[in-house]
Amino acid sequence: MVAGAMAFAPAMAQTPLKMAYALSKDSHYGAGAKAFVESLGANNKDFVIEEFPNSALGGEREVIEGLQLGTVDVAIVSTGATLNFVPQTGALDIPFLFADLDHARGVLDGEIGQGMLEKFPEHGLVALAWGEQGFRHLTNSKRPVENPDDIKGLKIRITENPIHLKAFRELDVLATPMAWPEVSTALQQGTIDGQENPLSVIVSTKMWQLQPYLSMTGHVYAPALVLMSPAVYDSLSAEDKAGFAEAGKAASKAMRAYVDQVEKEGLETLKANGMKVNDVDYAAFEAAVQPVYPQYYDQFGQELIESIRKAK
Ligand code: PAF
């Protein structure tokens with residue numbers, strides 16, 4: 001093409017897409033979003049992703065509703081939120097189910113996890129890939145929690161997740177389901193004593209500014225998901241769909257890398273900032289929530305739960 005023709009060539013319009021997530025750009029979700037944007041940009045110049053971090057488009061429940069309605073295009077969310085839309089994902093939220101990160105990643109990357117991703121379109125959503133947060137631990141403002149007796153009576157914010165709620169009630173915790181955007185104010189005002197999240201969240205939100213105690217309960221693995229609105233996805237060419245799937249995988253890889261890093265170095269950061277960190281009697285916590293397992297078996301099937309547990 002000659003230079004003159006180039007000058008008059010019409011500019012190709014890029015389609016803007018809104019990507020929502022609950023945490024800052026400097027978090028595992030931010031790392032996932034960055035990798036998503038880079039992967040997509042390398043393969044496809046037709047789309048431009050506009051990031052909305054820090055719950056700028058609302059809590060995770062609202063964001064998922066936005067994906068269904070087509071007002072949000074892409075999102076990274078936790079399964080605490082998806083289970084109210086795609087009930088099967090709740091099986092992964094059962095406390096003390098996974099032994100370690102490798103175990104969880106193996107299940108998500110295997111038949112069970114990939115099969116769950118395929119269920120999303122039945123619920124008006126597209127799941128591109130599993131992301132990750134890590135294992136959840138407890139923070140609070142009252143005392144070090146080392147065994148199940150210490151946690152009794154604490155008012156702890158949990159996600160809007162009935163699977164977690166059952167286990168915390170069994171531990172006699174005053175469990176308070178609450179959307180994430182309300183948590184920091186509730187902690188500041190003392191309407192709740194604590195919250196539980198993985199190191200990825202505790203470090204990236206500088207939780208030491210609000211909570212003095214961190215107890216390494218590791219009570220449940222927290223997957224995340226890269227979701228898309230069918231309103232966008234269904235209109236894509238096969239080639240573009242492959243590009244978005246690739247971007248989802250890149251986001252997942254980046255989130256896992258962030259989690260690996262924060263699991264290695266996060267505790268030092270928290271201690272250096274004055275947080276009092278303690279180990280817990282893990283076996284005692286695990287035993288204390290066992291009475292809830294029959295309810296989980298009724299809900300998800302004992303066979304599925306046992307096959308997740310054994311898939312090591
Ligand atoms: O605790 C939660 O609600 C979630 O773990 C969070 C922090 C919003 C990330 O998905």
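Along the sequence shown, residues carry numbers from 1. Every number for a ligand or one of its atoms is a count from 1 in the order of the listing. Just so you know, these numbers come straight off a predicted model, no measurement behind them.
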- Item | Ion pair K166/E170, N-O distance below 4.0 Å | no
- Hey, are R256 and D109 close enough for a salt bridge, meaning a charged N less than 4.0 Å from a carboxylate O? yes
- Any heavy atom of H164 under 4.0 Å from ligand 1? The part involved is neither
- Are any side-chain N or O atoms of D193 and backbone N or O atoms of L154, one a donor and one an acceptor, separated by less than 3.5 Å? no
- Note on the structure: Checking heavy-atom distances from atom 2 (C) of ligand 1 to each of Q133, E60, R157, the winner is R157
- So, is the end of the K241 side chain (NZ or CZ) under 6.0 Å from the ring centre of Y233 and within 45° of the ring's axis? yes
- In ligand 1, which numbered atoms sit nearer than 4.0 Å to a non-hydrogen atom of S78? 10 (O)
- Query: Any nitrogen or oxygen of W180, main chain or side chain, under 3.5 Å from a nitrogen or oxygen of ligand 1?
  - Reply: no
- Side chain E62, main chain G59, donor-acceptor under 3.5 Å: yes
- Task: Could you say whether the N/O atoms of T159 and ligand 1 ever approach to under 3.5 Å?
- Result: no
- Is the shortest distance from a Lys or Arg side-chain nitrogen in R136 or E196 to a carboxylate oxygen in the other one below 4.0 Å? yes
- Considering only heavy atoms of A22, which atoms of ligand 1 have at least one such atom less than 4.0 Å away? 8 (C)
- Message: Need the ligand 1 atom indices (1-based, order shown) with element for anything under 4.0 Å from a heavy-atom of R136.
- Response: 1 (O), 2 (C), 5 (O)
- Which protein heavy atom lies closest to atom 5 (O) of ligand 1, and at what distance to 0.1 Å? N197 OD1, 2.7 Å
- Message: Tell me whether the count of non-hydrogen atoms from other residues, nucleotides or ligands lying under 6.0 Å of CD in Q188 goes above 12.
- Response: yes
- Atom indices of ligand 1 within 4.0 angstrom of Y29 heavy atoms, with elements: 9 (C), 10 (O)
